[in-house]
Trainee: 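Here's a structure for you.
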Amino acid sequence: MRLSLFALIMASAAGAAAAGPALPPGYHLIPGAVPLDSGPDGNTIVIDAPRGLIVMDTGRHPEHAQAILDYAKQRHRPIAAIVNSHWHLDHTTGNWDIRKAYPHVQVYASNALKGALQTFLADSRANTDQMLADPKTSAATRDQLLRGRSVIDHPERIAPKHVIAKSARMSIAGRPLDVRLARFAATEGDVWLYDPKTRVAVVGDLVVGLVPFMDTACAEGWSRALGEVARVPFTRLIPGHGPVMTRADFSAWRTAYDNFVACGHSSAKEAQCVAGWEHDAAKFIEPDHRDYVRGAAAYYFETRLRTSPEERQRYCRPLSVATWRKPKA
Ligand SMILES: [Zn+2]
């Protein structure tokens, strides 16, 4: 993935995310690490259900997957279902570790992985091979690259058994949940959950405390999805990365997102838009991550916002090999 490659270049110190406001019983957050010398792990949320545990997102690194397995073991409950918020490898790579331990686990996701495999992930794989061929690539980075490449080469390891094609009330592992599909947002199909019983929303990378990870984003679709999230009466929101949010936190983040996109689409200078993000989202950015966030915001400004009209629309339609042109690096 381009972000992971980008993150690899942005090497420096690591920082751990705080947990934020408390979650109701039956919810357990395994925070995703945001190390600055390798790609991030998405947050994992484990939800109690009658038939076992529901795991929303499974991280990238083996240590993250192990933490999920350890938690299930400690609870003496099987992992009955995985829900992937989106196909980015920092949210799906651990599916395979969990499937190996729980072969009957039911995997739910949108079908967006399909188009991504032929396009973005095919490019990613080529970048991976280039990095593996470079003798300067460290052993630790090599391990991470090989782990990512193995699921691109064997997508059946992470792919859904149940494709979520529309928003609906569903029973997952016997627990009723509102399963929502946002089309053309952070990816072609972003799944998020709302639990009316506890008023918790689990939204994947539709909200990322640090900076919106816009690698495969349709900026307008994403903004619409945030509007849909705002319409549900949640009191706690779990983002794809970073601590749990209150409604007020979410509103502040949404304003920061819309301001950043509007700035990127205006004629304002890059430095002003990046500083705007840092200011508006200051509450969500740990001091250790400031340089990382500044670099990432500049990168997304250049690659997704201040770019040609066609390029801006790249992820606002289905990804297909027929229409894919390699993005300029
Ligand atoms: Zn992510």
Side-chain angles (χ1 to χ4, degrees), residues 1-8 10 14-17 20 29-46 55-65 67-68 82-96 109-110 112-113 116 120-121 124 144 147-148 151-152 158 160 182 184-193 201-219 221-222 225-226 229 237-245 250 253 256-257 260 277 281 284-286 289 292-293 295-297 299-300 303-304 315:
M1 306 206 28
R2 282 160 87 205
L3 180 73
S4 66
L5 297 176
F6 171 77
L8 288 169
M10 298 286 301
L29 171 65
I30 299 174
V34 188
L36 298 182
D37 56 354
S38 75
D41 288 296
N43 283 337
T44 288
I45 299 85
V46 187
V55 170
M56 175 91 160
D57 289 342
T58 58
R60 177 200 306 276
H61 295 103
E63 299 77 15
H64 188 94
I68 300 170
I82 294 170
V83 181
N84 291 121
S85 61
H86 62 300
W87 58 261
H88 286 177
L89 299 186
D90 53 327
H91 297 257
T92 52
T93 306
N95 283 20
W96 182 229
S110 79
L113 174 65
F120 186 93
L121 286 171
S124 240
Q144 186 185 323
R147 184 168 159 87
V151 294
I152 298 175
I158 59 169
F184 307 109
T187 67
E188 191 173 322
D190 290 355
V191 172
W192 59 281
L193 303 179
V202 189
V203 301
D205 279 6
L206 294 176
V207 177
V208 174
L210 301 154
V211 65
F213 289 155
M214 302 188 84
D215 299 63
T216 58
C218 173
W222 191 329
L226 293 174
V229 172
L237 178 142
I238 308 171
H241 302 260
V244 178
M245 293 185 176
F250 167 76
W253 194 90
Y257 173 90
F260 183 56
W277 172 262
F284 309 110
I285 304 168
E286 309 254 332
H289 286 124
Y292 169 88
V293 164
Y299 174 77
Y300 296 128
T303 55
R304 305 282 354 117
Y315 297 103

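Every number for a ligand or one of its atoms is a count from 1 in the order of the listing.
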Trainee: So, Phe120 versus Trp87, ring centres under 6.0 angstrom or not?
Mentor: yes
Trainee: What protein N, O or S atoms come within a distance below 2.8 Å of the Zn ion (ligand 1), ordered by chain and number?
Mentor: Asp90 OD2, His91 NE2, Asp205 OD2, His241 NE2
Trainee: Considering the options Val203, Leu206, Val202, which one meets the side chain to side chain contact (heavy atoms under 4.5 Å, CB included) requirement together with Leu237?
Mentor: Val203
Trainee: Between Thr44 and His64, do the side chains contain a donor N or O and an acceptor N or O under 3.5 Å apart?
Mentor: yes
Trainee: With sequence neighbours excluded, tell me which residues meet side chain to side chain contact (heavy atoms under 4.5 Å, CB included) with Thr58.
Mentor: Val55, Ile68, Ile82, Asn84, Asn95, Ile98
Trainee: For Phe184, which residues count as a ring-ring contact (aromatic ring centres under 6.0 Å, His included) partner, sequence neighbours excluded?
Mentor: none
Trainee: Check side-chain hydrogen bond (donor to acceptor under 3.5 Å, both in side chains) between His241 and all other residues, then give those that pass, not counting sequence neighbours.
Mentor: Asp90, His91, Asp205
